[in-house]
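Since the structure comes first, as structure tokens, the remarks are kept for the end.
The first residue in the sequence is number 1, and the count goes up from there. Keep in mind that this is a model prediction, so the values were computed, not measured. Ligands are counted one by one from 1 in listed order, and the atoms in each one are counted from 1 as well.
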Amino acid sequence: MSAPHTIKAASSAPACGSSQPHESAAAQVAGAATYVDDIAEVRGTLHAAPILSPIAHGRLTGVDAAAALALPGVRGVVLAQDIPGDPVLAAFAHDEPIFAIDTVEHVGRVIGLVVADTVMQARKAARAVVLDIEALPAVLDVREALAAQSFVLPPVRVQRGDAQAGLARATHRLSGQFEVGGQEHFYLEGQIAYVLPQEQNQWLVYSSTQHPGEAQHWVAHALGLDNHRVRVECRRMGGGFGGKETQSGHLAVWAAIAANKFKCPVKLRLDRDDDFMITGKRHPFAYDYTVGFDDTGLITGLQLTMLANCGFSADLSGPVADRAVFHADNASFLSDVDITSYRCKTHTQSHTAFRGFGGPQGVIVIETLLGDIARHLGLDALDVRQRNLYGVNDRNVTHYQMPVEDNILQPLLERLEQTSSYRERRRQIAAWNAQSPVLKRGLAITPVKFGISFTATLFNQAGALVHVYTDGSVMVNHGGTEMGQGLHTKVAQIVADELGVPFERVLVTASDTARVPNASATAASSGTDLNGRAAQFAARNVRDNLAAFAAGLDGCGAGAIRFAGGQVISPKASRPFAEVVQAAYANRIQLWSDGFYRTPKIHYDKTTLTGRPFYYFAYGAACTEVVIDTLTGESRVLAADILHDVGTSLNPALDIGQIEGAFIQGMGWLTTEELVWDKKGRLATHAPSTYKIPTAGDVPPRFTVDLWPEPNREDNVFGSKAVGEPPFMLAISVWEAIRDAVAAARGDGTARMDAPATAERVLGALKVR
Ligand code: MTE
Ligand code: HPA
Ligand code: MOS
């Protein structure tokens, strides 16, 4: 497969704004793109498999590995006592032993590893290890956790105005409870780490991770070493979706401890069932609410309790639950609001980042309430949504005191209302439903307003290196990671334009902690905003050096030198970039540079959650039509029309791909993807046989995506906006459309349901009176 490596005829058009194919697309479809498990194994590599707790909560009193050790190929076991450094993971809360020490806190808790010559030998032997666990009472439900005050982190309360007064003055009030489920990441490439001991106590770790820097720090901490002895590399992931923000680091640490014990390279690749049993998911949430509103549907007061099911440790639950609080308004101005967020500890997997990072669990509350309010008043839900929308000159400060300065919600919703023929279809659907006794259709438009920046302010920084070689080819390295989203492609486009060279002349190589240190996770959708800018600044430094050099040749000012179409252009001459580079090298000019970027303007108070946590907002809206079968509860999405704001698109093909993928993934979360833990805390849905993600056949027959035609109003790279997560929440229109269909079938203006809207739940919602 040579095609990906051939340099196409140099194009002179700018790369940014054009639909360059993903830098690995051809290699990926040809099977020529390397994932960690494809790396040629070093001689002597051993394989590890995890020993898992079958009990949700218990005292671990013994591990008997005799039977496992007797099996062919088995080299030994690795337990907590084999950890040379701190036995507690270097996670920020420092609340999670690397291997369970004397207690187990969920089914699937990793107690240790079996190490063998082959992966199948290791997996077989891990199941032969006999565990002595004395069962203790397990907390499996968030409401139980709240009653027991079982928390991983203290509660947080955010108030604005006077919620009680707002409720008192309301002409209508609705109160209730509901729940939304978690979600398994189901990255196609499962979690994996391959650790190779190097000379003089140095370590090379190949990890499928969104956060190589954290894996490096965690491994060093566990091995009792300085960070500089550990180098983590990741060329790409086969999907991360947040599931490899922290939890990939556990595998790196586990494999490193085994490699240290046996003084051999060790690979740890989880099989799909173990991946499901061990790793955390999207946080399931439960809510209690009272909302007050007037006859027009305007919300006058909201009292909300959010219970995040965090699992057994903190992991990222603090910032996830914070983001849920920050998104409980979505597109609605809430004048008088009181939100309390509990971070509940349960004896389940430690729930973690997942696309939207708590945002979806916030947005779904207000959109559900707006749907209920509309039905209660007999109004159209879109009218009620418009009624509550953030204003431009007033009603424009969030409940956490951030002014919404870039609001485009009103024109965006109006345009989608037109292009989707919303009003006309409402009438058609009502007429259709009136003559259809079994099938019922539903329709909904829901907006999205999503805050861009890490909620942990310090993570909003990035670094990059740009090297220009003497032939004029360019290599870029930055702190971000590639998980399929197209980050490396966009960064290459930015650097190509900064240097005025064709896209094909720029290569982005593997993320590597030895090249760019202390990089943040590639997360919060900010990969391009942060790393793209850092790379742009690095390229600008090289360009400035070249401009000064070329200006010297032609006796003009450096400001008069332009870089475009692969040429360096002065008022006197136009020279090929490679020729200038070659001459600059001969004159001892520096042809490489670093670049650093930190997001401006952001700050907030972590205790009151007030300030400006986000640099800007990304907006969007979706109009979704569904049909439900009232005899079986099955649903299908018939049409989805999306209008989404990515600022000035760096790459329309990648951006539209992100929007489509996010919508479908969100649709899965709210329809078929159901996680079921049994009464003993065992995850019953731990394989594709029982856990159903959407397939190609579930893509709506009509699926349109339009991009909002305006640049980011904040100074962001190329005028673009982040795109990775915001469109996930467009899928809440599927949820609202299903509830619209349920209400049509019930005919009493109600549609109470918990998410996901599985066939079983829809059927239940039709029956409950
Ligand atoms: N797209 C693909 N194909 N695979 C992924 O794993 N992760 C999502 C999103 N899009 C993901 C994806 C998540 S959770 C985030 S935060 C962003 O990509 C991260 O990348 P970015 O910051 O470069 O957009
Ligand atoms: N998103 C994703 N990951 C994070 C965030 C966030 O806002 N904050 C800290 N880690
Ligand atoms: Mo994405 S959940 O911020 O990795």
* With heavy atoms of G239 as the reference, note each atom of ligand 1 found under 4.0 Å away. => 6 (O)
* To do: Go through the side-chain N and O atoms of Q247 and H211 and say whether any donor and acceptor fall under 3.5 Å apart.
  => no
* Nearest neighbour in protein (non-hydrogen) for atom 3 (N) of ligand 2 -> E245 OE2, 2.8 Å
* Asked: Is the F326 ring parallel, tilted or perpendicular to the Y400 ring (thresholds 30°, 60°)?
  -> perpendicular
* Nearest to atom 4 (O) of ligand 3, what protein heavy atom do you find, and at what distance? -> Q210 NE2, 2.8 Å
* Asked: Which residue from A523, G532, G484 reaches closest to atom 3 (N) of ligand 1 through any of its heavy atoms?
  -> G484
* Asked: For E725 and ligand 1, does the shortest N/O to N/O distance drop below 3.5 Å?
  -> no
* Structure fact -> Heavy-atom nearest pair, V516 first then A464, reads CG2-CA, 4.1 Å
* Asked: Counting both backbone and side chain atoms, is some N or O of M483 under 3.5 Å from an N or O of ligand 1?
  -> yes
* Does the N or O separation between A524 and ligand 3 drop below 3.5 Å for any pair? -> yes
* To do: Could you list the atoms of ligand 3 found under 4.0 angstrom from a heavy atom of E725?
  => 1 (Mo), 2 (S), 3 (O)
* **Salt bridge E184-R282, side-chain N to carboxylate O under 4.0 Å** => no
* So, E233 versus Y194: side-chain donor-acceptor pair below 3.5 Å or not? -> no
* When W669 is tested against each of F728, F354, W735 for ring pair (Phe, Tyr, Trp, His ring centres under 6.0 Å), which residue passes? -> F728
* To do: For atom 8 (N) of ligand 2, grab the closest protein heavy atom and report residue, atom and distance to one decimal in Å.
  => T455 OG1, 3.2 Å
* Taking atom types as modelled, find out whether S317 and D315 have a side-chain donor-acceptor pair closer than 3.5 angstrom. => no
* To do: Number the atoms of ligand 2 from 1 as they appear, then name those within less than 4.0 Å of a heavy atom of A523, with their elements.
  => 2 (C), 3 (N)
* Of the side chain and backbone of F454, name the one, both, or neither that has a heavy atom under 4.0 Å from an atom of ligand 2. => both
* Polar contact flag for S525 and ligand 3 (N/O pairs, less than 3.5 Å) -> no
* **Modelled atom types, side-chain donor and acceptor of E245 and Q210, under 3.5 Å** => no
* Could you list the atoms of ligand 1 found under 4.0 angstrom from a heavy atom of A524? => 16 (S)
* To do: List the closest protein heavy-atom neighbour of atom 8 (C) of ligand 1: residue, atom name, distance to the nearest 0.1 Å.
  => R355 NE, 3.8 Å
* Close N or O approach (G240, ligand 1; < 3.5 Å) -> yes
* **Contact check: G527 vs ligand 1, nitrogen or oxygen atoms, below 3.5 angstrom** => yes
* To do: Report yes if some N/O of F241 lies less than 3.5 Å from some N/O of ligand 1; otherwise report no.
  => yes
* Asked: Can you list the atoms of ligand 3 that are under 4.0 Å from a heavy atom of G242?
  -> 2 (S), 4 (O)
* atom 1 (N) of ligand 1: nearest protein contact (heavy atom, Å) -> Q658 NE2, 3.1 Å
* Structure fact -> Note: ligand 3 atoms sitting under 4.0 Å from heavy atoms of A523 are 3 (O), 4 (O)
* Test E189 against every option in R272, K244, R236 by the salt bridge (Lys or Arg N to Asp or Glu O under 4.0 Å) rule and name the one that passes. => K244
* Asked: Taking atom types as modelled, is there a side-chain donor on N477 or T509 under 3.5 Å from an acceptor on the other?
  -> yes
* Does ligand 1 have an atom under 4.0 Å from some heavy atom of A722? -> no
* Asked: With a 4.0 Å heavy-atom cut-off (strictly under), which part of Q210 contacts ligand 1: side chain, backbone, both or neither?
  -> neither
* What atoms in ligand 3 come closer than 4.0 Å to a heavy atom of F354? -> 2 (S)
* Are a donor atom and an acceptor atom from the side chains of Y619 and D406 found within less than 3.5 Å of each other? -> yes
* Asked: Can a donor-acceptor pair be found between the side chains of Q536 and E498 at a distance below 3.5 Å?
  -> yes
* **Atom indices of ligand 2, in the order listed, that fall short of 4.0 Å to a heavy atom of A456** => 8 (N), 9 (C)
* To do: Have a look at ligand 1 and work out which part of A662, if any, has a heavy atom under 4.0 Å from it: side chain, backbone, both or neither.
  => neither
* Asked: Does one side chain, of E367 or N330, offer a donor that lies under 3.5 Å from an acceptor on the other?
  -> yes
* Asked: Between R343 and S341, do the side chains contain an N or O donor and an N or O acceptor separated by less than 3.5 Å?
  -> yes
* How far is atom 2 (S) of ligand 3 from its nearest protein heavy atom, and which residue and atom is that? -> R355 N, 3.1 Å
* Would you call G242 a ligand 1 contact, heavy-atom distance under 4.0 Å? -> yes
* Asked: For ligand 1, is any non-hydrogen atom under 4.0 Å from A353's backbone (N, CA, C, O), its side chain (CB onward), both, or neither?
  -> neither
* To do: Would you please say whether a donor-acceptor pair under 3.5 Å links the side chains of N309 and H283?
  => no
* Asked: So does R355 pair up with E725, basic N to acidic O under 4.0 Å?
  -> no
* Asked: Is M237 touching ligand 1 with its side chain, its backbone, both, or neither, if touching means heavy atoms under 4.0 Å apart?
  -> neither
* Asked: When you measure from the centre of the six-membered ring of F617, is the NZ or CZ of K449 under 6.0 Å away and within 45° of the axis?
  -> yes
* atom 20 (O) of ligand 1: which protein heavy atom is closest, and how many Å away? -> Q485 NE2, 3.1 Å
* Structure fact -> Separation between CD (Q191) and CG (D271), nearest 0.5 Å, reads 12.5 Å
* Structure fact -> The atoms of ligand 2 lying under 4.0 Å from a heavy atom of R323, numbered in the order shown, are 7 (O)
* **Check: T522 N/O within less than 3.5 Å of ligand 1 N/O** => no
